[in-house]
Novice: 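Quick one: this structure, given as structure tokens, is what I'll be asking you about.
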Amino acid sequence: MKFNQIMASGGEWLRGEGPHHQVVVSSRVRLARNLRHRAFPGWAKKAERTLILEQIKPRVEELPEMQDSFSEFLSDLSALEKQVLVERHLISREHAAKGIGSAVVMNRKQTLSIMINEEDHLRMQSIRSGLQLKSAFKLVDKIDSVLEGKLDIAYDQRLGYLTACPTNVGTGMRASAMLHLPGLVLSDLINQVIQAVNKIGLAVRGLYGEGTEAMGNLFQISNQTTLGEKEDEIIARLTKVIETIIEKEHDARQVLIQKKSDTLSDQIGRAYGVLTYAHAMTSKEALNLLSIMKLAVDLGAFSEDRRLPIDELFIDTQPAHLQKTSQQKLNAEERDFLRAQIIRERLKNFPKPDMNKVAREPAPKSLPAPPNNE
Amino acid sequence: MLCDVCKCNDASVFLTQIIEGKMQKVNLCDACSKEKGVQDPTGFALADLLLGIGAAEEIEKGAPTQKCVVCGFTQVDFKKTGRLGCSECYVTFSEGLGSLLKVMHKGTEHVGKLPQRAFRQIELTDKMRSLATNLEKAVAEENYEDAATLRDQIKQLEHQIAD
């Protein structure tokens with residue numbers, strides 16, 4: 001599979017069809033694993049790193065899940081291509097900085113991505129749309145079980161899986177969900193939620209991390225600790241917290257509709273106006289306005305078939321995606337012009353937001369049961 | 001207030017995190033906060049930061065001049081990178097790491113997934129232990145016939161474990 005095919009297909013999780021997809025954009029679970037008695041990637045010399053890579057890569061490629069996979073050495077990818085993968089959350093920013101001795105293998109659907117010689121010898125990640133942490137774990141756990149039969153994985157009876165950083169030791173698992181929380185942000189409730197989540201030992205981070213202010217009202221929430229708790233317990237705890245946040249977000253949206261409908265209409269109208277008429281736009285401004293458009297679709301001000309174009313713009317207006325699509329290197333100013341142009345074109349046939357269609361319902365007391373597809 | 005990392009500039013970034021009711025505080029100057037990636041929440045966890053600051057001292061307590069026999073990693077390297085050298089480092093620096101892991105995590109022992117291979121290993125080790133106890137008993141009772149059988153079984157098991 002070639003890089004262009006990755007660009008052409010959005011990847012399963014980008015389509016946003018999973019349970020609770022209005023609030024939960026995606027769920028990710030990653031496992032960190034290492035070979036026994038081999039220097040971790042950060043400490044290994046180039047020759048040893050290459051040797052480890054040669055040992056691991058074929059074992060990963062022969063997995064049944066990796067039929068027709070995209071498999072590349074980091075040294076063979078351009079800076080722009082690496083950045084595209086970062087923007088899709090298929091590799092980490094740390095991995096994008098790697099060159100000789102590192103590789104990435106991912107499946108066609110882009111639901112499974114395995115980084116070789118990132119901070120650990122193996123970083124296996126599964127990504128699903130919506131709230132599907134359990135099934136994301138199931139997939140990556142299965143891969144892990146197959147690989148451990150072929151590779152001598154570092155494991156200690158007391159400490160569990162041994163990782164380069166002691167913060168990952170034990171399960172080596174980081175489960176996280178990307179949440180879209182415009183309601184809580186517009187109601188100034190987001191800080192309360194973040195503080196409450198921090199108090200119970202979970203981490204909240206921004207989209208790509210531009211300070212504490214998250215762009216596009218997107219927040220990542222993940223487990224902080226990996227030792228002393230079982231994988232399914234961590235996932236159950238995290239899922240429960242996320243379900244509570246979803247409920248709070250829905251409540252906040254209903255309060256906005258009922259008590260601050262003028263403010264809400266103004267926000268949506270401005271987002272629509274600026275996106276359809278602006279000629280220069282930074283990626284931060286684009287994300288923040290697109291977030292309001294996404295909210296408008298959720299609330300019914302745009303029809304449901306307008307959801308996909310908005311979701312696609314979230315990714316397509318990112319700096320590396322812009323440059324890869326236009327097949328040229330652009331400076332920041334040129335990118336802002338091109339970004340605005342692409343957005344104008346895609347929104348050309350968008351009708352005006354219809355605030356009369358916004359559904360007013362009593363604030364939900366409890367959540368409807370999530371679709372049973374885990 | 002001085003920065004906890006460089007200990008020379010005035011701190012301008014103050015971080016507090018509460019995990020399981022334990023409060024952790026770190027004060028940083030502008031330069032160190034940038035270097036530690038504090039302004040970049042994706043790459044930042046307070047535990048990592050604490051690790052870089054306090055961890056090396058923790059490890060010093062347990063292993064003053066120790067060097068990992070497998071990868072040659074030392075405590076100085078840990079202080080620099082906040083990462084370990086190889087899986088064996090967990091044994092080499094176990095004493096100092098113990099208290100560090102306690103602060104960092106929910107518990108001190110892994111209760112999650114067992115790799116099949118380790119699982120087999122544990123089973124075999126348990127079997128070995130019971131055979132050894134039986135052998136001791138047989139010898140004490142001067143039951144040499146049983147002792148010889150047990151000795152053969154232990155030898156066979158040793159081969160299995162080595163595989």
Side-chain angles (χ1 to χ4, degrees), chain A residues 31 33-40 42-44 92-94 119 141 144-145 148-149 152-167 169-173 195 198-201 203-212 214 220 224-234, chain B residues 16-23 37-48 50-51 55 59 68-73 77-78 81-91 93-94 97-98 100-119 121-122 125:
Chain A
L31 298 177
R33 299 289 186 257
N34 288 283
L35 301 186
R36 192 185 302 275
H37 291 174
R38 305 301 290 269
F40 295 138
W43 182 242
S92 63
R93 288 208 290 191
E94 186 174 298
E119 181 181 296
D141 179 49
D144 175 53
S145 298
E148 77 179 22
D152 188 15
I153 299 293
Y155 181 87
D156 178 85
Q157 282 190 26
R158 198 170 56 83
L159 291 178
Y161 293 97
L162 303 174
T163 51
C165 185
T167 50
V169 81
T171 59
M173 183 185 82
Q195 276 168 21
N198 277 336
K199 257 182 209 165
I200 47 176
V204 183
R205 291 163 181 175
L207 172 58
Y208 298 106
E210 305 263 314
T212 44
Q220 284 185 67
Q224 191 94 274
T225 58
T226 53
L227 188 62
E229 207 178 357
K230 284 183 187 166
E231 289 86 351
D232 50 3
E233 286 169 356
I234 295 175
Chain B
T16 308
Q17 194 169 41
I18 300 163
I19 298 173
E20 303 276 305
K22 269 184 278 179
M23 189 151 70
V38 172
Q39 290 162 350
D40 164 12
T42 51
F44 168 71
L46 196 55
D48 284 337
L50 288 167
L51 191 71
I59 277 202
C68 178
V69 285
V70 171
C71 72
F73 195 81
D77 298 311
F78 187 70
T81 62
R83 305 287 183 271
L84 291 163
C86 74
S87 55
E88 190 62 21
C89 288
Y90 279 92
V91 179
F93 305 107
S94 65
L97 274 173
L100 189 67
L101 292 172
K102 211 190 235 167
V103 182
M104 227 177 251
H105 291 288
K106 267 202 128 157
T108 51
E109 288 195 16
H110 179 58
V111 291
K113 183 174 180 178
L114 287 175
Q116 282 302 310
R117 195 179 296 185
F119 193 56
Q121 207 81 18
I122 293 166
T125 320

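Within every chain, numbering begins at 1; the chains are lettered A, B, ... in the order of the sequence lines, protein sequences first and strands thereafter.
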Novice: If you define the side chain from C-beta out and look only at heavy atoms, does anything of S87(B) sit under 4.5 Å from H37(A)?
Specialist: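 Touching, per the 4.5 Å side-chain cut-off.
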Novice: Do the side chains of V111(B) and K230(A) get nearer than 4.5 Å, heavy atoms only?
Specialist: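 Side chain of K230(A) against side chain of V111(B), heavy atoms only: contact under 4.5 Å found.
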Novice: Tell me, out of L35(A), N34(A), D144(A), who's got the most heavy-atom pairs with chain B below 4.5 Å.
Specialist: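 If we count pairs closer than 4.5 Å to chain B, D144(A) comes out on top.
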Novice: For Q116(B), does its backbone N or O pair with a side-chain atom of E148(A) as donor and acceptor, under 3.5 Å?
Specialist: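 A pair under 3.5 Å: yes.
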Novice: Considering only heavy atoms and a distance below 4.5 Å, find which of G85(B), C68(B), C71(B) pairs most often with chain A.
Specialist: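 If we count pairs closer than 4.5 Å to chain A, G85(B) comes out on top.
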Novice: List the atom of Y90(B), the atom of T163(A), and the distance in Å for their closest heavy-atom pair.
Specialist: OH-O, 2.5 Å
Novice: Where on R158(A) is there a heavy atom nearer than 4.5 Å to chain B: the side chain, the backbone, both, or neither?
Specialist: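 Contact with chain B involves both backbone and side-chain atoms of R158(A).
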Novice: If you compare all heavy atoms of C165(A) against all heavy atoms of G82(B), which two are closest, and at what distance to 0.1 Å?
Specialist: SG-O, 4.2 Å
Novice: Looking at every heavy atom in both Y161(A) and L114(B), which two are closest together, and how far apart are they?
Specialist: OH-C, 4.0 Å
Novice: Give the intermediate values and the outcome of side chain to side chain contact (heavy atoms under 4.5 Å, CB included) for residues M104(B) and T225(A).
Specialist: CA-CA 7 Å; M104(B) 227 177 251; T225(A) 58; over 6 Å; no
Novice: By a 4.5 Å heavy-atom criterion (distance strictly below it), what part of D156(A) contacts chain B: side chain, backbone, both, or neither?
Specialist: neither
Novice: Once rounded to the nearest 0.5 Å, what's the spacing between atom CG of L227(A) and atom NE2 of H110(B)?
Specialist: 8.0 Å
Novice: Could you state the interatomic distance from CG (L159(A)) to CG (L101(B)), rounded to the nearest 0.5 Å?
Specialist: 6.0 Å
Novice: Pick one of side chain, backbone, both or neither for Q195(A), based on which atoms fall under 4.5 Å of a heavy atom in chain B.
Specialist: neither
Novice: Using 0.5 Å steps for rounding, measure from the CG atom of D232(A) to the NZ atom of K113(B).
Specialist: 12.0 Å
Novice: Report yes if some heavy atom in the side chain of W43(A) is under 4.5 Å from a heavy atom in the side chain of L84(B); otherwise report no.
Specialist: no
